[in-house]
Amino acid sequence: MQHIFDIIIIGGGPAGYTAAMYASRAGLDCVVVERLSPGGQMALTDVIDNYPGFDEGIDGFDLGMKMLNQAERFGAKTEYAEVTAVDFAGEIKKVCTTAGEFLSKTVVIATGANPRKIGLENEDKFAGKGVHYCAHCDGRFYKDKTVVVLGGGNTAVEDALYLSRMAQKVYIVHRRDKFRATDIYVKRLEKAENVEIVFNNTVTEIIADEKLTGVKIKNTDNAQVETINCDGLFVSIGRNPATGFLNNSVKLDNGGYILADESTKTDVAGVFAVGDVRAKALRQVVTAVADGAVAVHFAEEFLK
Ligand code: NAP
């Protein structure tokens, strides 16, 4: 007889390991299936200083390890494998991975969302050190400095507004002649005195030696290239939720995020979505961990 878990948690970021901690602490038989290493997106962040309890801030990788260790203290196990497919049709759910097939009564999906990258040569090298994907996480390092925000959606415009409160100067570079963002945010942005809007341009090069000193932008109409001297680049061009492996077994929104409300329940009974992969307003470590706890509460209710 193949083993049947109470809960399989797919993804070992903050939402996943919080679910693992709550589940194992409640005496449920659970396993986390993680592709690489714990921490998710958080592990790529140098300093997390908006997670309560760490008054000096904490390295994102270290916080991921702490969450793993805490879950393991209560008996949670991790299987390092990639999930390739799922089958949620029956009462017992199947999770197919590169390490074989797992069976479970409930599943918590915690696979997160990866920031879309521009695809520039040295973008990865300076990620977290001049090139950033989360203004709310890393903006405070740019107090009284000059930053460039790339993008024209709600996130980019909100990021530019947020950064304008601490940076000396903010350029927002967008490849079209008008924002995609909601009017109310755009109007606020237009009023911000230290924000310069650069339409019809995109960032084509990161200028850096030891640290980032500027970006090259290229006009989308006439191909003219200019340099903006700056200290940081915030890439706000959307995110890709990691939901491809689900093959439509749960309902997604138009952006590919899993539709589940604050209860974290998806449209499939016994399947929950937590953290950044869930359609939600604020994607932060603090909201991810809350989801993890909530999912286990409702999973326990389902199991009973
Ligand atoms: P988004 O709406 O998809 O906008 C992405 C932006 O980045 C677009 O302006 C797009 O340009 C640009 N872009 C994409 N790829 C690019 C590239 N390679 N180079 C340069 N520019 C590129 O993403 P989002 O702003 O992250 O928002 C995601 C969803 O969350 C949206 O539905 C948004 O409304 C929602 N959201 C809501 C709020 C709120 O209501 N407060 C806040 C944040 C986000 P184009 O315009 O040319 O496509």
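For clarity, every value in this text was computed on a predicted model and none was experimentally measured. Both ligands and their constituent atoms are indexed starting at 1 by order of listing.
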- Between the side chains of Asp261 and Ser263, does any donor sit under 3.5 Å from an acceptor? yes

Are any protein N/O atoms closer than 3.5 Å to the N/O atoms of ligand 1? If there are, list each pair with names and the distance to one decimal place.
residue  : atom   : partner : partner atom : Å
ligand 1 : 9 (O)  : Gly152  : N            : 3.0
ligand 1 : 9 (O)  : Gly153  : N            : 3.3
ligand 1 : 11 (O) : Arg175  : NE           : 3.2
ligand 1 : 11 (O) : Arg175  : NH2          : 3.4
ligand 1 : 25 (O) : Asn154  : N            : 3.3
ligand 1 : 25 (O) : Thr155  : N            : 3.0
ligand 1 : 25 (O) : Thr155  : OG1          : 3.1
ligand 1 : 26 (O) : Thr155  : OG1          : 2.7
ligand 1 : 34 (O) : Asn154  : ND2          : 2.8
ligand 1 : 41 (N) : Glu158  : OE2          : 2.9
ligand 1 : 41 (N) : Tyr185  : OH           : 2.8
ligand 1 : 46 (O) : Arg176  : NE           : 3.3
ligand 1 : 46 (O) : Arg180  : NE           : 3.0
ligand 1 : 46 (O) : Arg180  : NH2          : 3.3
ligand 1 : 47 (O) : Arg175  : NE           : 2.8
ligand 1 : 47 (O) : Arg175  : NH2          : 3.4
ligand 1 : 47 (O) : Arg176  : NE           : 2.4
ligand 1 : 47 (O) : Arg176  : NH2          : 3.0
ligand 1 : 48 (O) : Arg175  : NH2          : 3.3
ligand 1 : 48 (O) : Arg180  : NH2          : 2.6

- Following the transitive rule for hydrophobic clusters with a side-chain heavy-atom cut-off under 4.5 Å over Ile, Leu, Val, Met, Phe, Trp and Tyr, establish whether Ile109 and Phe102 coincide in one cluster. yes

- Consider only side-chain N and O atoms of Asp276 and Gln41, and report whether a donor and an acceptor are under 3.5 Å apart. no

- Is there a chain of hydrophobic side chains (I, L, V, M, F, W, Y, each step under 4.5 Å between heavy atoms) that links Val250 to Tyr257? no

- Message: Is the ring pair Phe234/His132 parallel, tilted or perpendicular, if the boundaries are 30 and 60 degrees?
- Response: parallel

- Item | hydrophobic_cluster_shared for Val294 and Ile9, side chain cutoff 4.5 Å | yes

